[in-house]
Amino acid sequence: MAKVLIIGAGGVGTVVAHKCAQNPDVFNEIVIASRTKSKCDAVAAAIGKANVTTDSVDADSVPELVALFRRHNPDIVINVALPYQDLTIMDACLECGVNYLDTANYEPLDEAKYQYSWQWAYKERFEQAGLTAILGCGFDPGVSGVFTAYAAKHHFSAMEHLDIVDCNAGNHGKAFATNFNPEINIREITQRGKYYQDGEWIETDPLSVHRALTYPNIGPRESYLMYHEELESLVKNYPTITRARFWMTFGQEYLTHLRVIQNIGMASIVPINYNGVEIVPIQFLKAVLPNPKELGENYTGETSIGCRISGKGKDGKPMTYYIYNNCSHHEAYLETGMQAVSYTTGVPAMTGAMMFLKGLWKRPGVWNVEEFDPDPFLAEVARQGLPWHEVVNGDIEF
């Protein structure tokens with residue numbers, strides 16, 4: 001029985017709060033905090049349980065975070081705010097003796113750059129404080145890393161090629177919308193691609209490398225090579241990997257809108273002066289695009305996310321392995337009011353916090369999810385709504 005503090009009341013934060021409330025044997029007190037308290041109040045009202053309370057905080061401010069933590073004394077903070085705020089929240093955790101979990105690595109506000117170095121630099125401080133920090137515990141990053149750890153533990157003596165594949169075959173009926181925070185989503189997609197090959201990182205022009213991949217229960221979808229943060233930690237923790245790539249699907253209409261947004265400068269993160277007011281174009285765009293939190297009601301179709309791995313099996317013979325989850329947008333909405341992209345991030349975040357509170361993922365320092373035992377996590381995440389499947393020595397298209 002423990003107290004959890006959730007920072008962020010968007011789509012993912014809403015799912016995390018719902019799932020924590022479904023497990024009162026572990027989370028007996030739940031606090032939801034964000035810059036706008038009314039958003040937290042709406043989530044709490046939808047859950048309708050007395051042990052869910054709310055508060056407000058500016059997560060850019062360490063003093064405000066410290067005051068929040070001291071008001072509530074949580075056992076763990078689940079950070080589902082913006083990636084720009086990871087370090088301030090970690091600083092406040094250290095000051096107040098609170099454990100930490102997030103779903104996306106830190107990036108600076110003024111540069112679309114994804115790397116773990118900023119957060120890995122906190123390792124000694126968390127060790128000395130006797131606190132655990134769990135990084136990247138959504139789906140990708142998150143379950144994708146745990147899937148890889150599970151493959152290494154149970155199937156491979158040496159993993160060699162890793163491809164993380166992420167397909168959203170859903171339809172929300174909008175001309176253009178992003179499935180999570182538009183600012184973060186567009187920054188991620190429009191940066192240069194990057195993959196790992198024979199000890200080196202190879203860069204590509206944004207979305208220039210693509211091919212059709214076949215997803216279970218969905219069929220072929222054009223998939224684009226991107227950089228994603230879990231590649232950095234996975235090749236570090238599994239040095240037998242000689243090639244690691246990340247692929248994501250996009251429809252042509254989405255890509256056409258994205259090209260226009262870039263061509264007219266609306267994807268820029270450089271501030272401009274408009275009528276005497278400084279604005280950031282991509283932040284203005286975020287304000288006028290559909291709210292990802294409100295897409296769920298009419299969302300049809302499903303997501304399919306997994307890892308396709310080849311290498312040497314436990315017997316030393318070549319083997320292939322595909323481990324994946326498919327998640328229905330409609331079923332996610334019926335349970336939590338959110339679509340599957342929020343659901344597949346929020347359920348693992350809650351499950352990671354549960355692993356910590358049960359003592360299964362409790363270790364002072366800063367850790368990526370693949371550095372913990374994958375078995376209890378994957379057993380629990382399946383029970384919580386994300387069942388997974390394995391294909392051993394099948395055709396994985398790579």
Under 4.0 Å between a side-chain nitrogen and a carboxylate oxygen: does that hold for [X] and [Y]?
X: Asp75; Y: Lys3; value: no
X: Arg192; Y: Asp205; value: yes
X: Asp166; Y: Arg221; value: no

Polar side chain donor-acceptor pair, [X] to [Y], under 3.5 angstrom:
X: Ser223; Y: Tyr215; answer: yes
X: Glu370; Y: Tyr238; answer: no
X: Lys286; Y: Gln283; answer: no
X: Asn326; Y: Ser304; answer: yes
X: Glu230; Y: Ser144; answer: yes
X: Gln85; Y: Asp60; answer: yes
X: Asn105; Y: Glu232; answer: no

With a 3.5 Å distance limit and no angle check, can you tell me whether [X] reaches the backbone of [Y] through a side-chain donor-acceptor pair?
X: Lys174; Y: Pro290; result: no
X: Thr54; Y: Val52; result: no
X: Thr53; Y: Val31; result: no
X: Asp102; Y: Asn79; result: no
X: Ser157; Y: Lys312; result: yes
X: Glu397; Y: Thr214; result: yes

Indicate the ring-plane relationship of [X] and [Y], choosing parallel, tilted or perpendicular according to the 30° and 60° boundaries.
X: Phe246; Y: His228; value: parallel
X: Tyr227; Y: Trp201; value: perpendicular
X: Trp120; Y: Tyr116; value: parallel

Partners meeting side-chain hydrogen bond (donor to acceptor under 3.5 Å, both in side chains) with Lys153 (sequence neighbours left out):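 Checked Lys153 against side-chain hydrogen bond (donor to acceptor under 3.5 Å, both in side chains); matches are Asp373, Asp375.
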
Filter on ring-ring contact (aromatic ring centres under 6.0 Å, His included), then keep only pairs touching residues 52-86, sequence neighbours left out; what's left?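 Found none.
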
Tell me, please, whether Phe176 has Arg259 positioned over its six-membered ring: NZ or CZ under 6.0 Å from the ring centre and within 45 degrees of its axis?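 The answer is no; the distance or angle limit is not met.
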
What residue among Phe372, Trp388, Trp361 forms ring pair (Phe, Tyr, Trp, His ring centres under 6.0 Å) with Phe377?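 Among Phe372, Trp388, Trp361, the one meeting ring pair (Phe, Tyr, Trp, His ring centres under 6.0 Å) with Phe377 is Trp361.
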
